[in-house]
Amino acid sequence: MTENPYRTAVLAWYDANARDLPWRADDATPWSVLVSEIMLQQTPVVRVLPAWKAWLERWPTPASLAAEPSGEAVRMWNRLGYPRRALNLHACAKAVVDRHGGEVPRAHADLLALPGVGVYTAAAVASFAFGQRHAVLDTNVRRVLARLETGVEYPPRTPGRAEYTLAESLLPEEPAVAARWGVAVMELGALVCTARAPKCGVCPVSDRCAWALAGKPPHDGPPRRGQSYAGTDRQVRGRLLAVLRDAPGPVPKAALDAVWDEAAQRERALDALVADGLVDPLETGEYALPG
DNA sequence: CAATCGTGGAT
DNA sequence: TATCCAAGATT
């Protein structure tokens, strides 16, 4: 429970190889960590970096963001993707101000209750920002554990009970060490134990990796993905929202109609954006980012 | 529980 | 060029 044979090797590797990402710096705040975690959901670090800096320069505290209309958050989000995350972050800011006196809560349950914060993100903030002992099971950690412990190339599509049990069993007792262990494994997955072309030659634990020792058997089972993008509602939504983001104010419907030929799909996408709160239909017939 | 939700870089 | 993938959450 308290010891695993490669813990020291992974921690030492992290000490020597960790990227100095700004949300890991000493001056990072719980708010800046929360912002990073929301932005990093399904989004590469290199694209998050500039967005994170700009966001925190403008809104260094939850209160500063909560004081602005949600549409400003959507505009600031720019092309990071999954723009409902901008809405979530804005709602997080308001919830933090309303329910927690303007301070990001430290309790896992309170974090979990924030919009857009799921099991992973709650654990990540509790661990990285507050030094608590939680299993942080993101895509990197899941892949590392799948290979190292289970001996398969990729974990299941969604984490199951067994994965949490395994992650818990590897967690060091000391909260501060557990927190460091979490980022270390995550970093190992991001830099070495990558999804494609893993760098087993420089891996600190390749000599006890179940998958490597088994001869790196390829993933068997159904293909892991299937999301095409061209022609989907998501693409249409992206185009519609881009028009509103790039305009200084409300736009006529004609401007939105111009981005997609097929009217039915276009209307469906626009309705969905309105339903999601990402677009505000005005009385004038124009459309705008939400107030 | 499977589908949905953006975007862009790498292979 | 097409596919894969990136610190997931929500319904």
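The sequence lines fix the lettering, A, B, ..., with proteins before strands; numbering per chain opens at 1. Predicted model only: the values in this text are computed from it and were never measured.
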[X] [atom1] to [N] [atom2]: how many Å, rounded?
| X | N | atom1 | atom2 | value |
| --- | --- | --- | --- | --- |
| A:Arg84 | C:dT10 | CZ | P | 10 Å |
| A:Leu137 | C:dA7 | CG | P | 13 Å |
| A:Arg180 | C:dA7 | CZ | P | 19 Å |
| A:Leu89 | C:dG8 | CG | P | 16 Å |
| A:Glu37 | C:dA9 | CD | C1' | 13 Å |
| A:Glu187 | C:dA7 | CD | P | 10 Å |
| A:Leu40 | C:dG8 | CG | C1' | 11 Å |
| A:Tyr229 | C:dC5 | OH | P | 19 Å |

Practice problem: Start with the C-alpha distance between A:Arg143 and A:Asn140, add both sets of side-chain angles, then the distance that settles side chain to side chain donor-acceptor pair (under 3.5 Å), and finish with yes or no. | Solution: CA-CA 5 Å; A:Arg143 186 175 55 250; A:Asn140 291 302; 2.9 Å; yes

CG (A:Leu111) and CZ (A:Arg106) are apart, to the nearest 0.5 Å, by 10.0 Å

One should read off an interatomic distance between A:Tyr82 OH and A:Gln41 CD, to the nearest 0.5 angstrom, of 10.5 Å

At under 4.0 Å between heavy atoms, what does [X] touch on the DNA or RNA strands: base, sugar-phosphate, or nothing?
| X | result |
| --- | --- |
| A:Arg234 | base |
| A:Val48 | nothing |
| A:Gly118 | sugar-phosphate |
| A:Leu21 | base |
| A:Trp23 | base |
| A:Arg268 | nothing |
| A:Val117 | sugar-phosphate |
| A:Ala124 | nothing |
| A:Arg24 | base |
| A:Thr43 | base |
| A:Ile38 | nothing |

Counting only heavy atoms from other residues, nucleotides and ligands, does the tally under 6.0 Å from CD of A:Glu267 exceed 12? yes

With A:Tyr120 as partner, the option from A:His134, A:Arg142, A:Glu37 fulfilling side chain to side chain donor-acceptor pair (under 3.5 Å) is A:Glu37

Under 4.0 Å between a side-chain N or O of [X] and OP1 or OP2 of [N]?
| X | N | answer |
| --- | --- | --- |
| A:Arg85 | C:dA9 | no |
| A:Tyr154 | C:dC5 | yes |
| A:Arg47 | B:dA10 | no |
| A:Gln42 | C:dG8 | yes |
| A:Tyr82 | C:dG8 | no |
| A:Thr121 | C:dA9 | yes |

Starting the side chain at C-beta, find the nucleotide from [options] nearest to [X].
| X | options | result |
| --- | --- | --- |
| A:Asp233 | B:dG6, C:dA7, B:dC5 | B:dC5 |
| A:Arg245 | C:dA6, B:dT7, C:dA9 | B:dT7 |
| A:Arg237 | C:dG8, B:dG8, B:dC5 | B:dC5 |
| A:Arg79 | C:dA7, B:dT7, B:dG6 | B:dT7 |
| A:Arg196 | C:dC5, B:dG6, C:dA7 | C:dC5 |

Interatomic distance at P, C:dA7 relative to B:dC5, whole Å:
22 Å

Fill in: Atom P, compared across B:dG8 and C:dA9: separation rounded to whole Å
23 Å

When A:Asn88 and A:Ser36 are each assigned the nearest nucleotide of DNA chain C, the 5'-most assignment goes to A:Ser36

> Quick one: do A:Val205 and A:Leu191 end up in the same hydrophobic cluster if we chain Ile, Leu, Val, Met, Phe, Trp and Tyr together by side-chain heavy atoms under 4.5 Å apart?
Replying inline: yes

If you measure only the distance, is there a donor-acceptor pair under 3.5 Å linking the side chains of A:Ser64 and A:Arg58? no

5'-most contact on DNA chain B (nearest-nucleotide basis), A:Leu273 vs A:Val46, goes to A:Leu273

Aromatic centroids of A:Trp77 and A:Trp55 separated by under 6.0 Å: yes

